[in-house]
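Order of the sequence lines fixes the chain letters, A, B, ..., with proteins taken first and strands second; residue numbering starts at 1 for each chain.
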Amino acid sequence: MHEVSICKAILDLLAKKKAEKNYSKIYSVTVEVGEFQLVVKEALSLAFEVLTKETEFEKTKLVQKIVPALAVCKDCGEKQERQNLYSECKKCGSFSFEMLSGMELKISKMEVET
Amino acid sequence: MCKTCGCEDKNFAVGNHEHHHEEILSEEKVLDFNDKLAEENAKFFRQKNILCFNFLSSPGSGKTTLLEATLRELGNYFKFGLVEGDQQTDFDAQRLKKFTGNVVQINTNKGCHLDAHQVQHALDNLDLENLDFLLVENVGNLVCPSMFELGEQKKIVILSVTEGDDKPLKYPNAFFESELAIISKTDLLPYVDFNVYKCIEFIKRINPKMEIILLSTKSMEGFDDWKDWLIEQKQNFTNKF
Ligand SMILES: Nc1nc2c(ncn2[C@@H]2O[C@H](COP(=O)(O)OP(=O)(O)OP(=O)(O)O)[C@@H](O)[C@H]2O)c(=O)[nH]1
Ligand SMILES: [Mg+2]
Ligand SMILES: [Zn+2]
């Protein structure tokens, strides 16, 4: 349900960028969503569709890119992709990790008309 | 319609139209607005020497009951401020007002979490002079609130034994983000199949550094551990400055 708040945050950022840089149109926005981030793809798409209806972003396309969760084991140093937040190190069985990616939620790209 | 960019200019064939169609790369965090306000809150708390904790749990795990017991047991020694987040009603704030007037209720209505902006406004209605602890009870929901920073020093996740020992793995994010896990309602352990060791093992898989306290606000077993933890936090925090 927080996808609505997230969607509003995305739209606020788009509106801000559009005004700041004087874009006449934003064709698409790409959002990178970490594998472990709590965002349901379909819910965010639906929120985007509903919230952009009859607004300047009605035709803007939302692209969601899932970013795999890469982590380094703090005990043996092995770099690996984790399946979930409780998966163990494939090499040594440790649960101590430094997450390199998989928690992000950011706008990585926009296609605009300048 | 132009097939390259979807624009509606019919006069241009694919590929040879006069658009200034640009790709802009960015690194903008979607929740940047909230994060910035949370950082403002955090800075304010540091200046005022206020320790702020954000309580996360599913509905009914015993957040408000723990806050009541905390005010009852420690209210004479420390000054508390409380922020109660619920979708509807001010029931929880009313319960706490029996112990202190320094309580603000936030109703999020359809919102499933508190955000930094709401907390900032709540601060306007609290007496912050010489405040020791600001305890924020988030909306009862083990999922959404963990995404939204409020400016707290630490998140505390509460799991009651009636919810089942597998919940950390089912809802790992709240456990990943928190620094203390409280396993509550331990007086009910004889009546439920809740394996404490298994639960702790699950929590440590997600967060090997997690501190863990087991307590009951009914029998008050383990409550001293919580009291000691709070006092220790206060001492460490004060010594930092
Ligand atoms: N047996 C037992 N019951 C408890 C304990 N702590 C809380 N409860 C009961 O659990 C129920 C819910 O407690 P609350 O403190 O309202 O839970 P909460 O997490 O604040 O709930 P929400 O704010 O609605 O999410 C109440 O009926 C409490 O009396 C405990 O340690 N032991
Ligand atoms: Mg409550
Ligand atoms: Zn390892």
**OP:** Kindly indicate whether the side chain of Lys17(A), heavy atoms from C-beta on, has any atom under 4.5 Å from the side chain of Ile24(B).
**Re:**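 Not in contact.
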**OP:** Would you mind reporting whether Ser146(B) and Leu38(A) have side-chain heavy atoms less than 4.5 Å apart?
**Re:**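 Yes, their side chains come closer than 4.5 Å.
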Relative to chain A, which segment of [X] carries a heavy atom at a distance below 4.5 Å: side chain, backbone, both, or neither?
X	answer
Phe176(B)	side chain
Glu201(B)	neither
Phe148(B)	side chain
Lys204(B)	backbone
Pro208(B)	side chain

Subject >> Worked check of side-chain contact (heavy atoms from CB on, under 4.5 Å) between Lys106(A) and Glu27(B) >> reply: CA-CA 6 Å; Lys106(A) 64 182 189 204; Glu27(B) 281 281 331; 3.1 Å; yes
So what's closer than 4.5 Å to chain B heavy atoms on [X]: side chain, backbone, both or neither?
X	answer
Lys8(A)	neither
Phe97(A)	neither
Leu13(A)	side chain

With a 6.0 Å cut-off (strictly less than), is the heavy-atom count around [atom1] of [X], excluding the residue itself, greater than 12?
X	atom1	answer
Lys90(A)	NZ	yes
Phe48(A)	CZ	yes
Asp193(B)	CG	no

Original post:
When only pairs under 4.5 Å are counted, which of Val143(B), Leu169(B), Leu25(B) shares the most heavy-atom pairs with chain A?
Top reply: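 Looking at each of Val143(B), Leu169(B), Leu25(B) in turn, Leu169(B) comes out on top.
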How many angstroms lie between [atom1] in [X] and [atom2] in [Y], if you round to the nearest 0.5 Å?
X	Y	atom1	atom2	result
Leu14(A)	Glu28(B)	CG	CD	9.5 Å
Ile107(A)	Lys29(B)	CD1	NZ	13.0 Å
Met147(B)	Ile6(A)	CE	CD1	3.5 Å
Phe95(A)	Asn207(B)	CZ	CG	12.5 Å
Met110(A)	Glu22(B)	CE	CD	10.5 Å
Glu32(A)	Ser26(B)	CD	OG	9.0 Å

Subject >> Steps toward side-chain contact (heavy atoms from CB on, under 4.5 Å) verdict (Ser5(A), Asp115(B)) >> reply: CA-CA 10 Å; Ser5(A) 315; Asp115(B) 63 35; over 6 Å; no
**OP:** Determine, stepwise, if the pair Met103(A) / Asn173(B) fulfils side-chain contact (heavy atoms from CB on, under 4.5 Å).
**Re:** CA-CA 10 Å; Met103(A) 299 302 281; Asn173(B) 288 61; 4.0 Å; yes
Nearest atoms (heavy-atom pairs only) where [X] meets [Y]:
X	Y	result
Ala9(A)	Val30(B)	CB-O, 3.4 Å
His2(A)	Cys144(B)	ND1-SG, 3.0 Å
Tyr86(A)	Arg205(B)	O-CD, 3.7 Å

